[in-house]
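Index from 1, following the sequence. Quick note: numbers below take in every heavy atom, side chains included, and nothing from hydrogens, waters or symmetry partners.
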Amino acid sequence: MAHDDARNVKTPLGDKPPRRVRLPGFVSDDEIGLGDLVKKATAYWGISACGGCERRAAALNRWITFTRGR
């Protein structure tokens, strides 16, 4: 049973800064998080956001952001 408890332990995402990925030419001057990007794409296709979607977007934004470059 001890190994089951170890798998369920989650590390907080707030202790590390989000990973930054440079995408020159594809991103405006502002940074955009992965969650915001997914939210915009789903809204474009007419899928409305729910409470779970908002939590997912926040978690993805804490995980990775896209920047224009230098």
- request: To the nearest 0.5 angstrom, please state how far the CG atom of Asp36 sits from the CG atom of Asp30.
  value: 11.0 Å
field: Ile64 to Pro18 - nearest heavy-atom pair and separation
entry: N-CB, 4.2 Å
- line: Here the gap from Cys50 atom SG to Arg55 atom CZ, rounded to the nearest 0.5 Å, amounts to 7.5 Å
field: Within-4.5 Å side-chain heavy-atom neighbours: Thr65 and Leu34
entry: no
query: Are Trp63 and Ile32 connected, step by step, through hydrophobic side chains (Ile, Leu, Val, Met, Phe, Trp, Tyr) whose heavy atoms are closer than 4.5 Å?
result: yes
field: Separation between CG of Leu60 and NZ of Lys39, rounded to the nearest 0.5 Å
entry: 10.5 Å
